Amino acid sequence: MGETEPAEDRRRTRRNDPDRKARIVEAALDAIAEDGAAAATHRSIAARAGVPLGSVTYHFAGLGDLHAQAFARYVDVASAAFEDLFADVGSREQLVDVLVGYVHGGPARRRSAMLGFELHLAALRAPALRALTQAWTAGSRAVLARFTGPDAAARLDALLEGMVMHALLTTEPEPREATRAAIVQTLGPEEARP
């Protein structure tokens, strides 16, 4: 017969888990990325986080609150990662290289893109999330505008979102050269430097 853990030890373990809420948020992001926001339930998220179902309902007012906090976490991480992509960009050619790499990213980029599109879809149905998507878009455009100016940044941002969506949905990836040509055309002619 197995011994049971004393109730006092179980309570101490539950109280001494300061990272539980963060684990639940990360589990929610995993669930949303793999199964979609509609399938990311309290129960599925609790199972992924390795916590009792009651922990999820304790830390979050409801499933909408949990999804909103998970999406906010995603936007923070994705925004920082997007900005970091451009840390060493010093020329137009480097900018184009980074943007082509962004569109044709590997598995980590795919997961991030899927979360981004899940957020946009959720925001269509939950207007409270629209402020989050608008802030995210404004931040992305501000990063791009450092290299292009605001008008070109808006066009480029829209192009990138569309190209990433097509990259996720296609069975035959677009050649990198075609991606490069579309980005260069959207950037327009390079301005002469004084």
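What you are looking at is a predicted structure, and each value in this text was computed from that prediction instead of being measured.
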If we only count heavy atoms from C-beta on, is the [X] to [Y] side-chain gap below 4.5 Å?
{"X": "V98", "Y": "D88", "answer": "no"}
{"X": "L95", "Y": "I183", "answer": "no"}
{"X": "T186", "Y": "L160", "answer": "no"}

Do [X] and [Y] land in one hydrophobic cluster if side-chain heavy atoms of ILVMFWY residues count as linked below 4.5 Å?
{"X": "V89", "Y": "V103", "answer": "yes"}
{"X": "L63", "Y": "F60", "answer": "yes"}
{"X": "Y102", "Y": "L169", "answer": "yes"}
{"X": "L168", "Y": "L159", "answer": "yes"}
{"X": "L187", "Y": "F82", "answer": "yes"}

Listed partners of [X] passing side-chain hydrogen bond (donor to acceptor under 3.5 Å, both in side chains), at least two apart:
{"X": "R111", "value": "D30"}
{"X": "R176", "value": "none"}
{"X": "R130", "value": "none"}

Open item on the list: Suppose we screen for ring-ring contact (aromatic ring centres under 6.0 Å, His included). Which residues come up paired with F71, at least two apart in sequence or across chains?
Closed with: none

Task: ring-ring contact (aromatic ring centres under 6.0 Å, His included) involving F147 - partner list, sequence neighbours excluded - done: F86

Identify each donor-acceptor pair in which a side-chain atom of residues 116-125 lies under 3.5 Å from a protein atom, sequence neighbours left out, and give them as a table.
residue: E118; atom: OE1; partner: A37; partner atom: N; Å: 3.0
residue: H120; atom: ND1; partner: G116; partner atom: O; Å: 2.8

Check [X] against [Y] and note the closest heavy-atom contact, atom names and distance.
{"X": "A70", "Y": "V25", "value": "CA-CG1, 3.7 Å"}
{"X": "A33", "Y": "L115", "value": "N-CD2, 3.7 Å"}
{"X": "A40", "Y": "A31", "value": "CB-CB, 3.9 Å"}
{"X": "A167", "Y": "T170", "value": "O-CG2, 3.6 Å"}

- [ ] Applying salt bridge (Lys or Arg N to Asp or Glu O under 4.0 Å), name anything that partners D97, two or more places apart in sequence or on another chain.
- [x]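 Salt bridge (Lys or Arg N to Asp or Glu O under 4.0 Å) check on D97 returns R180.
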
Open item on the list: Applying salt bridge (Lys or Arg N to Asp or Glu O under 4.0 Å), can you list everything that pairs with D76, at least two apart in sequence or on another chain?
Closed with: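 None.
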
Task: CD on E26 to CG on L29, rounded to 0.5 Å - done: 5.5 Å

Task: Separation between NE2 of H104 and CG of L99, rounded to the nearest 0.5 Å - done: 11.0 Å

Open item on the list: Strictly by salt bridge (charged side-chain N to carboxylate O under 4.0 Å, His left out), give each pair with a member in residues 144-156 just once, sequence neighbours left out.
Closed with: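 As it turns out, the salt bridge (charged side-chain N to carboxylate O under 4.0 Å, His left out) pairs with a partner in residues 144-156, which skip direct neighbours, are E83-R146.
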
Open item on the list: Per the salt bridge (charged side-chain N to carboxylate O under 4.0 Å, His left out) rule, what does the pair list look like for residues 156-173, sequence neighbours excluded?
Closed with: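 Checked against salt bridge (charged side-chain N to carboxylate O under 4.0 Å, His left out) - neighbours excluded - the pairs reaching residues 156-173 are R141-D157.
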
Open item on the list: Quick check against the 3.5 Å criterion: does Q69 have a side-chain atom that pairs as donor or acceptor with the backbone of L66?
Closed with: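 Flag not set: sc Q69 to bb L66 has no pair under 3.5 Å.
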
- [ ] Give a yes or no on whether the backbone of V100 and the side-chain of T179 come within a donor-acceptor separation of less than 3.5 Å.
- [x]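 Not confirmed, T179 side chain does not pair with V100 backbone.
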
Open item on the list: Does anything in residues 40-54 form a side chain to side chain donor-acceptor pair (under 3.5 Å)? List the pairs, not counting sequence neighbours.
Closed with: E34-R48, D35-R48, T41-S44

Result block: side-chain N/O donor-acceptor pairs under 3.5 angstrom for residues 51-59, not counting sequence neighbours:
residue: S55; atom: OG; partner: R20; partner atom: NH1; Å: 2.7
residue: T57; atom: OG1; partner: G54; partner atom: O; Å: 3.1

TODO: Mind running ring pair (Phe, Tyr, Trp, His ring centres under 6.0 Å) on W136 and Y74 for me, showing each step along the way?
DONE: CA-CA 10 Å; W136 182 25; Y74 161 73; 5.3 Å; yes

